[in-house]
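In this chain, residues are counted from 1 in sequence order. Counting starts at 1 for both ligands and their atoms, in listed order.
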Amino acid sequence: MRNIHEGDGKAEVRERPENPFFGKDLLSAEQLNPENLSYLFQFLPVMERIHLGSVPCNLLEGKIMVPLFFEPSSRTRLSHQTAMLQLGGKVNSMEDPNIYSSFAKGANFQDEIHTFALMGDLIVIRHPEVGSAQKAAEASHIPVINAGDGTGEHPSQALLDVATIWKRFGRLDGLTVVFGGDILNGRTIHSLVQVLAQFGNNRFIFVSPKELGLPQDLAKQLQEKEVKIEQLDSFDVKLQEADVWYWTRIQKERFEDPTLYDTLKDRFIITPEILQKFAAQAMILMHPFPRVNEITFDVDSDPRAVYLHEQMRNGIYSRMALIAAILEDDLTPEAIIDSVPPRFQHVFRDFDEDEVKQPVLRATK
Ligand code: NCD
């Protein structure tokens with residue numbers, strides 16, 4: 001793809017990479033390889049300014065998102081919707097499709113997805129079954145974003161998670177990452193691991209009750225990719241070596257035995273004392289949210305806790321970049337800025353050229 005810039009009356013031709021997301025589904029975090037991430041990251045600073053400045057933008061004018069949430073959601077649903085609205089698109093939303101769609105009358109999945117796909121340009125789906133987003137994509141002629149398929153994956157969460165890590169550390173390789181809580185059922189962990197495993201020299205430490213350890217298929221995949229992993233069932237001083245702690249709630253709704261949930265739910269609670277004893281000063285503490293009881297409120301004011309601010313905000317900017325890339329082939333930071341009316345262009349006036357350059361993500365193994 002070529003992008004032509006007018007400068008000094010002469011046309012300057014700059015090579016632009018292909019848009020790897022245009023017209024595609026996002027079903028697995030495996031798709032978020034170093035090259036594709038670097039493509040999306042170039043749009044984050046522009047998206048951030050648009051959102052923080054409440055700037056109108058008509059980039060996605062005429063486009064419609066259809067969110068289909070069969071499971072509860074706060075951040076994922078609203079941040080996808082906010083992203084769409086912020087870029088000038090519209091949202092065609094149905095309240096709980098389990099109750100209000102024809103699923104309640106026994107309709108089959110394929111027919112309903114086929115129908116919903118006729119109502120818009122992009123489906124965002126969350127569903128309790130592993131593989132449901134893949135099934136939806138097969139029945140849909142418009143792109144599908146997997147916003148969580150049971151205990152499977154949650155790739156757009158992984159996108160915002162790596163954006164948060166990258167913005168803080170300037171790299172996605174050579175990191176030690178601790179994953180804590182429900183490793184077995186936590187789809188955000190499954191997806192984040194899939195992305196970070198594509199970068200060199202990353203080391204993962206999983207901390208969980210034994211019953212909620214790494215699923216075997218994921219352990220096998222990591223082994224094949226020669227990622228260094230350790231599994232612990234208690235806090236340990238070696239956690240001080242970590243750059244990132246990624247904490248999660250125990251996923252109550254995935255338990256068949258409620259008494260087992262009660263036994264395990266409070267095993268790994270992060271408190272200021274735990275951080276003091278086991279965490280480095282330069283680390284960051286992340287959490288996809290919702291938080292139930294696994295990080296105490298007095299941790300929130302620790303500068304290392306990024307879950308309430310940076311991480312959640314990055315969810316909006318990352319989803320703006322992702323949705324724009326899926327729906328607009330010829331996407332450039334300049335094209336996004338051009339879709340903002342002149343009255344609001346001042347928001348970009350002090351924009352540094354380097355800020356909108358495509359970043360280089362070192363990935364070598
Ligand atoms: C997570 C999810 O739904 O997988 N939340 C989110 O999307 N940010 C995590 C969870 O439910 O524990």
Ligand-side contact atoms (ligand 1) for residue partner T76, heavy atom cut-off under 4.0 Å = 6 (C), 7 (O), 8 (N)
For R249, take its heavy atoms, then give the atoms of ligand 1 lying under 4.0 Å from any of them.
-> 10 (C), 11 (O), 12 (O)
Have a look at F204 and tell me which of Y246, W245, F179, F199 forms a ring pair (Phe, Tyr, Trp, His ring centres under 6.0 Å) with it.
-> F179
Salt bridge between E71 and R254, side-chain N to carboxylate O under 4.0 Å?
-> yes
min-distance protein heavy atom vs atom 9 (C) of ligand 1 -> F289 O, 3.5 Å
Does H154 reach ligand 1 with a nitrogen or oxygen that is under 3.5 Å from one of the ligand's nitrogen or oxygen atoms?
-> yes
Short N-O contact, D352 and K357, less than 4.0 angstrom = no
Tell me: protein heavy atom nearest atom 4 (O) of ligand 1, and distance?
-> R187 NE, 2.7 Å
In terms of ring plane angle, is the pair F70 and F109 parallel, tilted or perpendicular, where the classes change at 30° and 60°?
-> tilted
Compute whether any side-chain donor of one residue and acceptor of the other, for N19 and D330, lie under 3.5 angstrom apart.
-> no
Look at atom 8 (N) of ligand 1 and find which of S191, G315, P288 reaches it with the closest heavy atom.
-> P288
With hydrophobic residues grouped by side-chain heavy-atom distances under 4.5 Å, do V244 and L239 end up in a single group?
-> no
Answer side chain, backbone, both or neither: which part of E71 comes under 4.0 Å from ligand 1, heavy atoms only.
-> neither
By number and element, which atoms of ligand 1 are closer than 4.0 Å to a non-hydrogen atom of Q157?
-> 6 (C), 7 (O), 8 (N)
Nearest heavy atoms of T82 and H51, plus distance in Å = CG2-CE1, 3.9 Å
If you measure every N/O of E253 against every N/O of ligand 1, is any gap under 3.5 Å?
-> no
Is R126 near ligand 1, meaning one of its heavy atoms is under 4.0 Å from it?
-> yes
Does G148 reach ligand 1, in the sense of a heavy atom lying below 4.0 Å from it?
-> no
Shortest non-hydrogen contact from A83 to R319?
-> CB-C, 3.8 Å
